[in-house]
Structure formats: structure tokens, C-alpha cells
Amino acid sequence: MKLFYSPGACSVGIHVILEELGKPYELGLVALKDGAQHKPDYVAINPKSKVPALLRDDGSLLTEFPVIAMWLAKANPDAKLAPTDLEGETRCAEMLDYVCGTIHPQGFTRQFRTANFTPREEDFPKVVEQGKALAAKYFDVLEKTWAGDTWVLPSGYSVADAALFFVEYWATRRSGMTLPPRLDAHLKAMLARPAVQRALQQEGLPA
């Protein structure tokens with residue numbers, strides 16, 4: 001398998017999952033800051049011009065974080081990275097969608113790619129402020145509805161934790177935000193996992 005990633009992007013969550021699996025894989029660097037996602041060589045691989053993307057052993061490409069995460073979990077059941085009962089699997093998918101479909105774009109894309117939300121540079125600070133406020137709101141929702149213990153799902157560690165990790169990491173390492181207690185404890189537990197440490201080291205990111 002080959003993971004197309006950009007250092008510190010949401011793809012770090014898939015990178016963590018691959019490290020948890022412990023199976024051989026390659027990394028394909030797509031430097032988003034340099035616009036590499038729009039260059040012909042990468043567009044030929046992934047016309048969506050985004051990361052993560054996973055090139056599977058059979059030569060087919062998977063895109064979209066929730067889909068890649070669940071496929072990796074289901075294709076490697078021995079790793080126990082997703083619940084196997086219907087309710088647990090549904091809750092796992094629910095968390096993946098909330099992180100990737102709401103917290104990421106509304107909370108953090110506003111902060112990191114502000115020009116996507118307004119053409120007026122004088123409005124950039126307001127958009128960033130709005131992004132931080134939304135991220136804090138979404139984190140508070142998770143804090144109040146937390147159903148697990150150390151990990152976000154009652155069934156234990158899963159790909160949902162790898163997804164939540166990347167927005168927690170952004171909040172504390174890039175946005176200067178303070179996480180609510182349960183999420184702060186979750187981030188610390190994630191940073192203590194060897195798979196997370198390896199993924200961060202490989203991407204040149206601070207723990």
C-alpha cells in the first residue's frame with residue numbers, strides 16, 4: 001500500500017492507523033503548501049487533488065478519510081480498530097463523519113485556508129476567529145457527549161480515535177487552543193501510543 005500524505009495534514013490520522021496495523025506500506029509526499037496536489041503527476045493519481053489517498057495492493061485508489069479508515073479497519077480485523085457490532089460500527093462512522101465533515105472544514109479550514117471563505121483580506125481575522133469559535137463549540141459537544149473512557153468509543157481504541165487525534169493536534173499545536181478535559185486527556189493518551197509517535201516522527205512533526 002502507498003499513502004499519499006502531506007506533513008501535518010489530516011492524512012496524519014491515516015498514517016497513525018497504518019502504523020497501528022504494522023504492515024508494510026510506502027509514503028508518497030504531496031506538499032500541499034507548494035500546491036503539489038494540483039500538479040499533473042498527482043492529479044493523474046487522484047483527480048480530487050487532496051490527501052489522504054491510499055493506493056491499495058491491487059492498484060486501486062481509495063480517497064476520503066472515513067472510507068480509508070474504515071476499509072483499513074475492516075480489511076484487518078485482527079487489529080481490532082473498529083467495532084464489529086452494528087451499533088458500534090455506526091457510532092464509529094458517526095464520529096468519523098463529525099470530525100471529517102464538520103470539525104475539520106468548519107473549525108480548521110477556516111483558520112488554515114481563510115481565503116476559501118472570503119475574497120477580502122481585511123476579513124481574514126474574522127474568519128479565523130469564527131473558525132476557532134466553531135472548533136471550540138464542536139469540541140464542547142464531544143466533551144458533553146463523551147461515551148467512552150480513555151478512548152472515544154465505549155468499545156475501546158479505534159480508527160475514530162485516529163480521526164479525533166488530528167483535529168486535537170491541530171488545535172493545540174497550530175491554533176493555540178485549549179482542549180476541554182476529556183479531549184485533552186485523549187490527546188495525551190494518543191501521544192503516548194508508539195504508533196502515533198512513529199507517524200509524527202516520520203512526518204517531522206513535534207509531539
Side-chain angles (χ1 to χ4, degrees), residues 4-17 30-38 46 48-53 63-70 91-148 151-153 159-191 196 199-200 203-207:
F4 292 95
Y5 81 106
S6 188
C10 61
S11 49
V12 70
I14 300 297
H15 195 169
V16 167
I17 295 169
V30 182
L32 298 183
K33 290 183 179 179
D34 300 331
Q37 69 272 32
H38 300 299
N46 181 12
K48 293 180 178 178
S49 295
K50 58 192 288 190
V51 296
T63 62
E64 308 303 333
F65 189 114
V67 173
I68 297 171
M70 287 302 291
R91 293 301 184 184
C92 185
E94 181 181 44
M95 180 59 63
L96 288 170
D97 189 64
Y98 190 57
V99 170
C100 299
T102 299
I103 302 176
H104 177 177
Q106 298 299 329
F108 290 96
T109 305
R110 288 179 186 275
Q111 298 181 54
F112 304 154
R113 295 187 177 274
T114 310
N116 290 359
F117 294 87
T118 176
R120 294 158 46 92
E121 288 191 25
E122 58 266 35
D123 291 335
F124 282 9
K126 291 182 180 178
V127 175
V128 171
E129 182 180 352
Q130 183 185 43
K132 287 188 176 183
L134 287 170
K137 175 184 175 181
Y138 303 143
F139 287 148
D140 188 54
V141 168
L142 291 180
E143 178 77 7
K144 291 177 178 178
T145 59
W146 196 271
W151 311 117
V152 70
L153 298 178
V159 293
D161 294 292
L164 182 56
F165 165 72
F166 80 75
V167 288
E168 292 172 336
Y169 187 85
W170 285 350
T172 56
R173 301 305 191 267
R174 295 177 63 180
S175 297
M177 297 176 65
T178 300
L179 295 172
R182 287 185 182 276
L183 275 72
D184 181 64
H186 179 265
L187 175 60
K188 288 182 171 65
M190 288 297 295
L191 290 170
V196 175
L200 292 176
E203 295 195 20
L205 300 172

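This chain uses plain numbering: 1 for the first residue, then up along the sequence.
Closest approach of G107 and L134 over heavy atoms only: CA-CB, 4.4 Å. The shortest heavy-atom contact between L179 and A171 is CD2-CB, 4.0 Å. Heavy atoms only, all atoms of each residue included: F108 and V167 are closest at CZ-O, 3.7 Å. Closest approach of A136 and M177 over heavy atoms only: N-CE, 3.7 Å. Nearest heavy atoms, D161 versus V152: OD1-N, 3.0 Å. Counting all heavy atoms, side chain and backbone alike, A160 lies closest to L96 at CA-CD2, 4.2 Å.
We find the CG-NZ distance between L142 and K137 to be 12.5 Å, quoted to the nearest 0.5 Å. Between F4 atom CZ and S11 atom OG the span is 12.0 Å, to the nearest 0.5 Å. Atom-to-atom distance recorded for F166:CZ and E168:CD is 10.5 Å, nearest 0.5 angstrom. Summarising the geometry, atom OH belonging to Y5 is positioned 15.0 Å from atom CD1 belonging to I14; distances are rounded to the nearest 0.5 Å. Atom CE of residue M95 and atom CG of residue D97 lie 10.5 Å apart, to the nearest 0.5 angstrom. Here the NZ-CG distance, from K188 to L183, works out to 11.0 Å after rounding to the nearest 0.5 Å.
Side chains of Y138 and Q106 form a contact here, defined as non-hydrogen atoms less than 4.5 Å apart. No side-chain heavy atom of V51 sits under 4.5 Å from any side-chain heavy atom of Q37. Between Q130 and D123, every side-chain heavy-atom pair lies at or beyond the 4.5 Å cut-off. In this structure, L191 and L200 have side chains that are in contact, with non-hydrogen atoms separated by less than 4.5 Å. The shortest side-chain heavy-atom distance between I68 and I17 does not fall under the 4.5 Å cut-off. Put simply, the side chain of H186 reaches to within 4.5 Å of the side chain of W146, judged on heavy atoms. In this structure the side chain of Y98 never reaches within 4.5 angstrom of the side chain of P66, judged on heavy atoms. Residues R182 and F139 form no side-chain contact, since every pair of their non-hydrogen atoms from C-beta on lies 4.5 Å or further apart.
The number of heavy atoms from other shown groups lying within 6.0 Å of CD (E143) is above 12. For E122, the CD atom counts as densely surrounded, since its 6.0 Å shell holds more than 12 non-hydrogen atoms of other residues, nucleotides or ligands.
Of the possible donor and acceptor atoms, one in the side chain of W170 sits under 3.5 Å from a partner among the backbone N and O of G8. Put simply, the side chain of D34 never gets that close to the backbone of A36: no donor and acceptor are under 3.5 Å apart. One N or O on the side chain of K132 and one on the backbone of S175 form a donor-acceptor pair closer than 3.5 Å. A side-chain donor-acceptor contact under 3.5 Å links S6 to the backbone of V30. In this structure, R173 contributes its side chain and A207 its backbone to a donor-acceptor pair below 3.5 Å.
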* Checking side-chain contact (heavy atoms from CB on, under 4.5 Å) for the pair V12/Y169: CA distance, chi angles, key distance, verdict? -> CA-CA 10 Å; V12 70; Y169 187 85; 5.9 Å; no
* Asked: For H15 and L205, what are the C-alpha separation, side-chain angles and deciding distance, and is it a side-chain contact (heavy atoms from CB on, under 4.5 Å)?
  -> CA-CA 13 Å; H15 195 169; L205 300 172; over 6 Å; no
* **salt bridge (charged side-chain N to carboxylate O under 4.0 Å, His left out) between R91 and E94, intermediate numbers included** => CA-CA 5 Å; R91 293 301 184 184; E94 181 181 44; 2.9 Å; yes
